[in-house]
Amino acid sequence: MSFEIMDKDLLGRIGKFETKSGKMETPLLFPVINPGIQPISPKKLKNEFGCKALITNAYIVNKNFKKIAVEKGLHDFLDFDGSIMTDSGAYQLLIYKGVETTPKKIVQFQEAIDTDIATILDIPTGWGVSKEYAKYTVTETIKRAKALEKMKSRDELAWVGPVQGGQYLDLVAKSAKAMGKLPFQIHALGSPTPVMEQYKFDVLVDMILTAKMNLPPDRPLHLFGAGHPFMFAMAVALGCDLFDSAAYALFARQDRYLTDSGTKRLSELEYFPCSCPVCNNTDPKTVKELSKDERHRLLAEHNLHVSFGELRRIKLAVTEGRLWEHMEMRAYGHPTLLQALKKVIKYSNFIEKHSPVHKKGGIFLFSSLSLARPEVVRYQKKLTEYETPQKAKVLLLLPQTLKKPFCTSKEHQTILENIQEKIPDKVDLIHVCTYAAPFGVVPTELDDVYPVSQNIMASPFDDETITYVAKQTENYIKSSDYKNAVLLREPKVWKGKILSACKRACKKKQISLNISHRKDPWNEKTLEELVNEIQQTLLAI
Ligand SMILES: [Zn+2]
């Protein structure tokens, strides 16, 4: 098995992934096939949905179809020649407490039926368990993982090393570290299903990122039981590569209809908000009147179409460098996802460290949540290493302009021309900087560094954004060596917060602060006064 990363955005990646049965592209969704109940046959999944991989449960196959599956092999048994992943029965262990197999038997069975991706019989931690029990699940899973080498007899199968620990993040870290040292080809985050069923996506963010921080980055990560398309964007952005969906069929059986932003009941739908082949050819009223089996089949098909469609949109977002925008847009689809996005912010440094530096296009910022984007975090890091020009004595802080780079705007140009005209011999002493959302202080030299000029942020800015820019401005002045500062205010936009920040910083540095007094920064009179102010300031040096 091989995994090659082709493109990246945030921690999300598009990868080429190969098993003994063929090549696939990640992020990849494995539809779950229950050999007993198949609303959509594996053959149809391949021919009509373009599915290159699916997942089935080795425990269920072993229990109910052992003889025929071993005789024919899993691919013939399911009539599917793509890649097949098998789960080991750990989920059944979680639900029914105890399964009728052993770690060794399930390893040997998966080899016997010739699966492509196999899973050891791990012990899922589950939700709401004691720390002591969680510790046991981690230790026992590691023990079984270590024993795999002695149990298996074939090398062509890819093996999944599940990470346990549940909501105990120290245990997730321990489990991920230990599993990462073993020769697994894939890792999986175990037992998030109960967390997801209760919509605790903020907990899931902690679990995923703790696992990511402790696993080898070059192995794909599978998020077990995460089949709802509305959380794919966030999961991919956090570095999950593989998903399985039982949801498409389970929800269909309950007459539920998946969308990019949640779940709807068929009984409540007046229209189908989708353009998949199913929804294009019928309407809710007609579907409601169909037989149970037919209705469930159509809903399952729609549910899969919408899941694959969302994965394609996510992949496109990765190639465009717009995964953050896509994740943020989805987060507004459900309050619990927005809550989870607020948790993602806690990990902004880790995400920045592993996000690509170069992007094709500009970025969109919708609110203060966008301040956790790697581009913004990275700029702050860059600014702390930035050295002001040696001759600069006076900091001239100008408001941002609509035109970017700011130094090319008519407003900034007019000020510079005025300064040049009135005090030509002292121009070098003045350092022109812009205060702007989302980056804070932008020295003119960094004005066209990506993405300072390649971004659009929604205005008027929210309070958190204004506070953030003010704080960055304060920090910048505190860490520099100017003798004086001159601030061109724009109180309508910044609500006095930039002024207060400058006052605090200048007081701390014991340097004088001169400010413009008019409310409109670009008024001719204001500019005239500003240049006089600078002239006076320079005379004082
Ligand atoms: Zn549809």
Side-chain angles (χ1 to χ4, degrees), residues 24-34 37-55 80 82 196-197 199 201 223 225-236 240 242-318 322-323 325-327 329-334 336-337:
M24 290 151 288
E25 198 177 84
T26 66
L28 178 72
L29 175 70
F30 297 85
V32 174
I33 289 294
N34 180 340
I37 322 160
Q38 294 179 9
I40 311 171
S41 71
K43 197 172 195 167
K44 188 167 179 176
L45 281 174
K46 188 178 180 204
N47 296 339
E48 286 180 29
F49 291 79
C51 257
K52 291 189 169 171
L54 54 81
I55 181 168
F80 185 78
M196 284 182 288
E197 277 168 0
Y199 279 36
F201 297 113
L223 189 59
H228 200 305
F230 85 146
M231 45 85 63
F232 287 168
M234 189 170 288
V236 171
C240 297
L242 309 171
F243 302 89
D244 57 273
S245 172
Y248 79 97
L250 292 177
F251 281 68
R253 240 178 283 155
Q254 298 159 353
D255 283 323
R256 289 200 283 173
Y257 177 99
L258 301 184
T259 77
D260 295 337
S261 55
T263 313
K264 297 187 185 292
R265 293 192 177 281
L266 177 65
S267 58
E268 293 163 354
L269 283 175
E270 293 286 334
Y271 301 96
F272 282 143
C274 171
S275 52
C276 81
V278 174
C279 300
N280 267 348
N281 286 317
T282 185
D283 57 72
K285 193 170 172 287
T286 313
V287 175
K288 280 175 207 167
E289 285 160 7
L290 293 172
S291 71
K292 208 162 98 183
D293 283 353
E294 186 62 3
R295 200 169 69 229
H296 293 173
R297 182 183 64 80
L298 286 182
L299 284 174
E301 286 186 18
H302 155 81
N303 288 347
L304 257 194
H305 278 301
V306 79
S307 304
F308 287 132
E310 175 62 359
L311 276 183
R312 283 195 296 273
R313 278 187 287 276
I314 291 168
K315 283 187 200 172
L316 181 65
V318 170
R322 287 268 167 88
L323 186 54
E325 282 90 331
H326 192 75
M327 169 173 69
M329 184 175 74
R330 286 285 175 258
Y332 283 104
H334 200 282
T336 54
L337 279 178

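Order of appearance sets the numbers: ligands from 1, and atoms from 1 within every ligand. Since we're looking at a predicted model, the values are computed, not measured. Values reported hereafter were calculated over all heavy atoms of this structure, with side chains retained and with hydrogens, waters and symmetry mates removed.
Proximity of a side-chain donor or acceptor of Thr259 to a complementary backbone N or O of Ser261 within less than 3.5 Å is detected.
Around the Zn ion (ligand 1), the protein contributes the following N, O or S atoms under 2.8 Å, ordered by chain and number: Cys274 SG, Cys276 SG, Cys279 SG, His302 ND1.
No side-chain heavy atom of Lys315 sits less than 4.5 Å from a side-chain heavy atom of Arg312.
Ring pair His302/Tyr248: centre-to-centre distance not below 6.0 Å.
Legend: residues meeting side-chain contact (heavy atoms from CB on, under 4.5 Å) with Lys44, ordered by chain and number and at least two apart, are Ile40, Ser41, Glu48, Arg297, Glu301. With sequence neighbours excluded, the residues satisfying side-chain contact (heavy atoms from CB on, under 4.5 Å) with Thr263 are Tyr199, His228, Phe251, Arg256, Leu258. In terms of the salt bridge (charged side-chain N to carboxylate O under 4.0 Å, His left out) criterion, Glu270 has no residue partners (sequence neighbours excluded).
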